[in-house]
There are 2 protein chains.
Amino acid sequence: MLREDVTEAIRAAVFGELAAVGYARMSIEGIARRAGVGKTAVYRRWRSKLHLVLDLVSAIAVQGLPAPDTGTLEGDLRLLYEVTSRALRHPVASQVVPDLQAEAARNPEIAEALQKALREGQAGVANGIVEAARARGEIRADADGELALDLMSGPLYWRAVVIRGPKPPKGYLESLTRATAAALRAL
Amino acid sequence: MLREDVTEAIRAAVFGELAAVGYARMSIEGIARRAGVGKTAVYRRWRSKLHLVLDLVSAIAVQGLPAPDTGTLEGDLRLLYEVTSRALRHPVASQVVPDLQAEAARNPEIAEALQKALREGQAGVANGIVEAARARGEIRADADGELALDLMSGPLYWRAVVIRGPKPPKGYLESLTRATAAALRAL
DNA sequence: CGACGTCGGAACGCAACCGTTTCGTCGTCA
DNA sequence: TGACGACGAAACGGTTGCGTTCCGACGTCG
């Protein structure tokens, strides 16, 4: 029986390595070293670096985010932004996400796992918000759903990951919420 | 005197390698191999992989984008989206950008070069559009400039790079323009 | 024409990982 | 208590890239 504490140590080490050096530079030896285990312990559980990372990404995807349901478009958006802003600004996320994101451009399996995680996470929640708003008549029934998702997710991701801005200042999320709601209503 | 054709072959090879395997996995040997030159030719020009890439990024940054000035916010936005959509969807860009973007999270020098390129490119143009709209009274004088930039740049980047959507369908850019303009006016 | 410098190519010793194997230790379960 | 299996550690041969050095060929400039 594989020891669970060892498995957990390896998982944690993978996140650490992923954040520190990225997927490309990450080595099994490095993971084992950081986890304080032998290489054998790693290979006994996963066949390769790719399987390891795919496993982790899938595991995260399963968790899912809580779906906001405040009864208004603005309220839902605000809640969504609160959660994603916090999540994206977590140091591990802000290092690991763009790295896997870049890797996905070359590795179809990573791309698929990432897409799935996205679909069941951020995109899934955002879609729920759009559907609810549509049902309430807050946005047009024939509004482009994909474009709506881009409008909702893009700006925050851009700021957090691309611009790598420090903190979202006081009224930022409020203004973003207001602006995005206006954009969605204009569809 | 260093031969310019050799220099150019190396530059092209770097882009190729960057797109094919990414910055982390890219090696001087691989670059020389792809360029059909000796390693010596590379080392004679640049001290390291980092210097090479920084040089290329800076060179691109200098080019700059044409600043739209159509007289209306919607017109400027539409033009901006047309250009960036095409640029982002170029295979080289869509592979190289997220890769350097991820690398920047670990390497301050790359981060700085990238920020500079961004500031003088996309962000600079976007800022010009905002200023013009402000002067015309199309958006509030006290609107948050940074947020405006996020609203303008985020959605397209999200779709092109994160979602990696195929092509922007017929009316996408039009709708995006309309929605973004509404968002900016709601600031 | 001769000197110089770049060229591609090959080799240097060194380091890091690869994935596998072997070892002796330790905990657990029957 | 004895068998089993996972454990960490170390070593295996092989691959890749590092940055440097030497080579002979070629071109250009003075």
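Order of the sequence lines sets the chain letters (A, B, ...), proteins ahead of strands, with each chain counted from 1. A quick note: this is a predicted structure, and the numbers were derived from the prediction, not measured.
Among all heavy-atom pairs drawn from Ser153(B) and Gln122(B), the shortest one is OG-NE2, 3.0 Å. Between Met26(A) and Val53(A), the closest heavy-atom pair is CE-CG2, 3.7 Å.
Classification of Arg45(A) and Asp55(A) as a salt-bridged pair fails, no side-chain N sitting under 4.0 Å from a carboxylate O.
Closest to the Arg3(B) side chain, of the nucleotides dC7(C), dC7(D), dG19(D), is dC7(C). Closest to the Arg44(B) side chain, of the nucleotides dT6(C), dC7(D), dC18(C), is dT6(C). Distances were taken from every side-chain heavy atom of Ser27(B) (C-beta onward) to each of dT20(D), dG17(D), dC7(C); the shortest belongs to dG17(D).
Across the protein-nucleic acid pair, Ile31(B) atom CD1 and dT16(D) atom C1' stand 15 Å apart, rounded to whole Å. Atom pair Tyr43(B):OH and dC12(C):C1' shows a separation of 14 Å (rounding to whole Å applied). The distance between atom CG of Asp5(A) and atom P of dC26(C), rounded to the nearest whole Å, is 16 Å. A straight line from CE of Met1(B) to C1' of dC29(D) spans 12 Å, rounded to a whole angstrom. Rounded to whole Å, the distance from CH2 on Trp46(B) to C1' on dG19(D) is 17 Å. Taking atom CD1 of residue Ile10(A) and atom C1' of nucleotide dG8(D), one finds them 12 Å apart after rounding to whole Å. Between the P atom of dC26(D) and the CG atom of Leu2(B) lies a distance of 21 Å, rounded to the nearest Å. For the pair Glu29(B) CD and dG8(C) P, the computed distance is 15 Å after rounding to whole Å.
At least one side-chain nitrogen or oxygen of Arg33(A) sits closer than 4.0 Å to the OP1 or OP2 atom of dC17(C). The side chain of Arg47(B) places no N or O atom within less than 4.0 Å of a non-bridging phosphate oxygen (OP1 or OP2) of dT20(D).
Lys39(B) contributes no side-chain N or O that forms a donor-acceptor pair with the base of dG9(C) under 3.5 Å.
Where Ser48(B) and Val37(A) each meet DNA chain D at their nearest nucleotide, the meeting point lying more 5' is that of Val37(A).
For the 3.5 Å distance criterion, the side chains of Tyr172(B) and Ser85(B) fail to qualify, holding no donor opposite an acceptor.
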Report task. Show your working on salt bridge (Lys or Arg N to Asp or Glu O under 4.0 Å) between Glu74(A) and Arg178(A) and close with a plain yes or no. Result -> CA-CA 7 Å; Glu74(A) 257 95 351; Arg178(A) 190 159 14 91; over 6 Å; no
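Across all strands, Gly36(A) comes closer than 4.0 Å only to sugar-phosphate atoms, never to a base (heavy-atom distances). Among the heavy atoms of the strands lying under 4.0 Å from Arg45(A) are primed sugar atoms or P, OP1, OP2 only; no base atom is included.
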